[in-house]
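For this chain, numbers begin at 1 and follow the sequence in order. Because the structure is predicted, anything quoted here is derived from the model rather than measured.
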Amino acid sequence: MYYTSTRNNAIQVTAAQAIAGGISPEGGLYVPSEFPALTAADIEALLPLSYKERATKILSRYLNDFTGDEVEACCVAAYGERFDTPAVAPLHDLGDGRYVQELWHGPTCAFKDMALQILPHLMRVSVGKTNPDEQIVILVATSGDTGKAALEGFKDAPNTRILVFYPVDGVSEMQRFQMVTQEGDNVGVCAIRGNFDDAQTGVKAIFTDDEVKAKLAENGMRFSSANSINWGRLVPQIVYYISAYCDLVKQGKIANGDPINVVVPTGNFGNILACYYAKRMGLPVNKLICASNRNRVLTDFFETGVYDCNRPFYTTTSPSMDILVSSNLERLLYHLSGNNSAEIADLMAALKTEKKYAVSDAVRAAVQEQFVGGCADDDQVAHTIKTLFDRCGYLCDTHTAVAVTVYDEYRAKTGDETPTVIASTASPYKFAPAILEALGGAESEKPYEQLAELNAKTGLEIPQPLGSLRDKAVRFTGVCDNDKASMQATVYGMLNLD
């Protein structure tokens with residue numbers, strides 16, 4: 001299997017080249033040139049397997065320049081003792097056709113662990129096949145969870161440096177503290193004065209700057225990415241949707257071949273795109289329901305076919321979704337345009353210059369055939385958290401509550417009773433202040449006292465990775481402006497290239 005670029009489909013690279021490079025030289029994103037088929041017989045064969053075994057089978061179909069032993073070793077290393085349940089991504093049955101898939105049982109208590117625990121191993125193998133003598137510099141923009149998960153995944157990885165930028169006022173206190181206390185000799189963290197879109201724009205600009213790339217090459221370095229623009233970060237996410245379907249069949253909730261709906265809270269569009277890829281393989285997915293918070297740029301796009309970032313930016317209680325530029329939407333549009341890279345290049349150029357684009361009628365129709373968009377504000381999110389806990393005894397975080405709210409509105413409007421998987425993206429303890437407020441208010445403003453208070457209110461165990469942060473020292477206090485020059489100077493400083 002080969003991979004091409006969304007902005008130049010004359011490019012053809014292997015999986016290892018796509019993963020090691022992170023982003024195509026002209027700024028496009030790597031996408032598979034074809035999708036391996038997933039049949040009912042394939043699903044049947046996956047039913048008795050563990051998560052790591054399912055991952056090995058599925059990823060081998062996309063990474064066929066890796067040996068089978070290499071893929072298996074990556075999966076075994078990723079999905080082992082660092083997850084607090086053998087199921088890795090267990091399903092919770094809410095009892096009414098809604099199944100919550102908990103994707104946050106890894107070392108940073110967020111769904112990003114599902115990909116970022118395996119990406120360093122995929123990167124190591126990829127670099128060994130492509131440029132074994134170069135040091136890889138992982139450059140990351142984060143809206144909260146990616147930063148910590150990437151830092152944890154790549155800490156002390158051989159011949160690798162990782163540098164993370166996060167919006168100074170755009171992450172939860174727990175997310176911030178997870179990053180600034182990160183251990184490891186090869187890690188760096190810096191806040192920016194701006195929002196996630198500013199961080200993402202700056203990182204992309206540095207990535208594609210020929211002068212910067214030449215500077216790194218002079219010092220035996222090259223950039224790669226741990227954001228979902230990297231194919232190696234996106235492809236592991238396909239696995240958990242297929243695994244969720246297998247679990248439903250195995251548990252007798254559905255028959256093999258029955259359709260399901262999937263609801264995903266998303267900002268950068270990578271998480272729901274992975275489910276679209278599973279559907280393209282043959283997973284029986286009916287509707288893909290895209291849930292947004294008050295920053296409803298995706299909801300408006302699904303309704304109108306116009307993607308417009310010329311709007312207010314809101315800071316919400318679901319900060320990992322506080323995004324106006326959803327990078328992975330570019331991949332979807334490429335596929336739905338009939339792989340028309342020239343059309344996608346024009347759309348992305350318009351987004352850069354005008355912060356707006358409109359897709360063709362054909363692409364708009366293709367999007368609306370498969371996707372439904374919806375959004376929820378903070379008040380609705382708080383109501384859902386409390387209602388779900390009171391009625392079902394289930395506690396979810398703010399991002400998952402966005403998804404539950406949007407899905408419940410969809411079901412009430414359409415009458416669609418198709419069994420539905422709801423992607424749960426973070427432990428509620430990562431957003432304890434908002435959860436406590438939803439449940440009736442917090443008594444303390446101190447983060448660790450709030451963890452204990454949430455435990456007392458709900459009986460839900462405090463995840464060890466969060467509870468243990470109290471005793472860690474802050475290592476990173478830097479803040480820079482959100483322009484490319486300031487971020488570039490910060491990168492040079494962290495790499496000792498001044």
- Message: Angle between ring planes, Y307 versus Y357, binned at 30° and 60°: parallel, tilted or perpendicular?
- Response: parallel
- From S5 atom OG to L29 atom CG, the distance as rounded to the nearest 0.5 Å: 7.0 Å
- Item | SB check D408 K413 (cutoff 4.0 Å) | no
- Can you check whether P90's main-chain N or O pairs, donor with acceptor, with Q101's side chain at less than 3.5 Å? no
- Task: Report yes if some heavy atom in the side chain of R222 is under 4.5 Å from a heavy atom in the side chain of L216; otherwise report no.
- Result: no
- Query: Taking the side chain as C-beta and beyond, is there a heavy-atom pair between R331 and Y276 under 4.5 Å?
  - Reply: no
- Nearest-0.5 Å distance that lies between atom SG in C109 and atom CD in E102: 11.5 Å
- Query: Do side-chain atoms of E343 reach the backbone of N340 as a donor and acceptor pair under 3.5 angstrom?
  - Reply: no
- What one should report as the nearest heavy-atom pair of I242 and L46 is CG2-CD1, 3.9 Å
- Item | Under 3.5 Å: donor-acceptor pair, side chain of N261, backbone of K287 | yes
- Would you check if the side chain of S143 reaches a backbone N or O of S320 as a donor-acceptor pair within less than 3.5 Å? yes
- Qualifying residue for side-chain contact (heavy atoms from CB on, under 4.5 Å) with N295, from L298, N293, T299: N293
- Query: Between the side chains of T108 and K148, does any donor sit under 3.5 Å from an acceptor?
  - Reply: no
- Should F371 and I289 count as side-chain neighbours, where that means a heavy-atom distance under 4.5 Å? no
- Task: Would you confirm whether S60, through its side chain, and T56, through its main-chain N or O, come within 3.5 Å as a donor-acceptor pair?
- Result: yes
- Return yes when atom CG of D361 has more than 12 non-hydrogen atoms of other residues, nucleotides or ligands closer than 6.0 Å, and no otherwise. no
- Message: Would you say that E72 contacts K52 through its side chain, given a criterion of any heavy-atom pair below 4.5 Å between the two side chains?
- Response: no
- Item | Distance, nearest 0.5 Å, that separates CD1 of I19 from CG of L119 | 7.5 Å
- Query: Can you say whether the rings of F35 and Y62 are parallel (under 30°), tilted (30 to 60°) or perpendicular (over 60°)?
  - Reply: perpendicular
- Query: Are more than 12 heavy atoms from other residues, nucleotides or ligands located less than 6.0 Å from atom NZ of K155?
  - Reply: yes
- Derivation of the side-chain contact (heavy atoms from CB on, under 4.5 Å) call for L495 and V137: CA-CA 9 Å; L495 296 175; V137 177; 4.0 Å; yes
- Task: Inspect the contact between K430 and D145 and indicate whether a charged nitrogen and a carboxylate oxygen are less than 4.0 angstrom apart.
- Result: yes
- Under 3.5 Å: donor-acceptor pair, side chain of N230, backbone of G232: yes
- Query: Are D481 and R193 within salt-bridge range, i.e. N to O under 4.0 Å?
  - Reply: yes
- Message: Quiz question: by atom type and distance under 3.5 Å, do the side chains of N8 and S341 form a donor-acceptor pair?
- Response: no
- Message: When you compare the side chain of Y241 with that of K279, does any pair of heavy atoms fall below 4.5 Å?
- Response: no
- Is it the case that more than 12 heavy atoms not belonging to D169 sit under 6.0 Å from its CG atom? no
- K129 vs E70, salt bridge (charged side-chain N to carboxylate O under 4.0 Å, His left out): CA-CA, chis, key distance, verdict: CA-CA 12 Å; K129 294 176 182 293; E70 286 171 337; 3.1 Å; yes
- Task: Report the C-alpha distance between V402 and V404 in whole Å, list the side-chain angles of each, state the deciding distance to 0.1 Å, and finish with yes or no for side-chain contact (heavy atoms from CB on, under 4.5 Å).
- Result: CA-CA 6 Å; V402 170; V404 173; over 6 Å; no
- For the pair R7 and E330, find out whether any cationic side-chain nitrogen is under 4.0 Å from an anionic carboxylate oxygen. yes
- P265 and M321, any side-chain heavy atoms less than 4.5 Å apart: yes
- Query: From D198 CG over to F196 CZ, what is the distance, rounded to the nearest 0.5 angstrom?
  - Reply: 10.5 Å
- Message: Could you go through D209 and K215, starting from their C-alpha distance and side-chain angles, then the distance that decides it, and tell me whether this counts as salt bridge (charged side-chain N to carboxylate O under 4.0 Å, His left out)?
- Response: CA-CA 10 Å; D209 187 297; K215 179 80 167 178; over 6 Å; no
- Go through R61 and E34 one step at a time and tell me if the salt bridge (charged side-chain N to carboxylate O under 4.0 Å, His left out) criterion holds. CA-CA 11 Å; R61 309 279 292 278; E34 58 184 309; over 6 Å; no
- Message: Is the distance between the ring centroids of F111 and H399 under 6.0 Å?
- Response: no
- Message: Between S318 and T398, do the side chains contain a donor N or O and an acceptor N or O under 3.5 Å apart?
- Response: no
- Message: With heavy-atom distances below 4.5 Å as the criterion, would you say the side chains of D308 and V297 are in contact?
- Response: no
- Verify the distance criterion only: is there a donor paired with an acceptor across the side chains of Q200 and N268 at less than 3.5 Å? yes
- Looking only at atom types and distance, does a side-chain atom of T316 sit under 3.5 Å from a main-chain N or O of Y314, one as donor and one as acceptor? no
- Message: Under a 3.5 Å cutoff, is there a donor and acceptor pairing between the side chains of E409 and Q380?
- Response: yes
- Task: Starting at CD of Q370, measure out to SG of C290 and round the result to the nearest 0.5 Å.
- Result: 13.5 Å
- Message: Classify the ring geometry of W231 against Y3: parallel below 30°, tilted from 30° to 60°, perpendicular beyond 60°.
- Response: tilted
- Message: Under a plain distance cut-off of 3.5 Å, with no hydrogens placed, do Y410 and D416 share a side-chain donor-acceptor pair?
- Response: yes
- Message: Assess, by modelled atom type and distance only, whether the side chains of Y407 and T420 contain a donor and an acceptor separated by less than 3.5 Å.
- Response: yes
- Is a side-chain N or O of Q175 found less than 3.5 angstrom from the main chain of S172, in a donor-acceptor match? yes
- Do the non-hydrogen side-chain atoms of Q237 and Y277 ever get within less than 4.5 Å of each other? no
- Side chains of S424 and W104: do they bring a donor and an acceptor to under 3.5 Å? yes
- Between the side chain of E134 and the main-chain N/O of N131, is any donor-acceptor distance below 3.5 Å? no
- Query: Quick one: do D113 and R82 make a salt bridge, cutoff under 4.0 Å?
  - Reply: no
- Item | Heavy-atom neighbours of K57 NZ exceed 12 at 6.0 Å | no
- Query: Considering residues, nucleotides and ligands other than R98, do more than 12 of their heavy atoms fall under 6.0 Å from its CZ?
  - Reply: yes
- T146 (side chain) donor-acceptor with T142 (main chain) under 3.5 angstrom: no
- Task: Mind checking the OH-CG spacing from Y245 to L283? Nearest 0.5 Å is all I need.
- Result: 6.5 Å
- May I ask you to decide if the ring planes of Y51 and Y79 are parallel, tilted or perpendicular, using 30° and 60° as cut-offs? perpendicular
- Item | T4 vs S33, side chain to side chain donor-acceptor pair (under 3.5 Å): CA-CA, chis, key distance, verdict | CA-CA 6 Å; T4 189; S33 56; over 6 Å; no
- Query: Looking only at heavy atoms, which two atoms of V306 and A358 are closest? And how far apart?
  - Reply: CG2-CB, 4.1 Å
- Task: Could you verify whether a donor N or O on one side chain and an acceptor N or O on the other, from S228 and R233, lie under 3.5 Å apart?
- Result: no
- Apply side-chain contact (heavy atoms from CB on, under 4.5 Å) to I162 and L151, showing your working. CA-CA 7 Å; I162 177 166; L151 289 163; 4.2 Å; yes
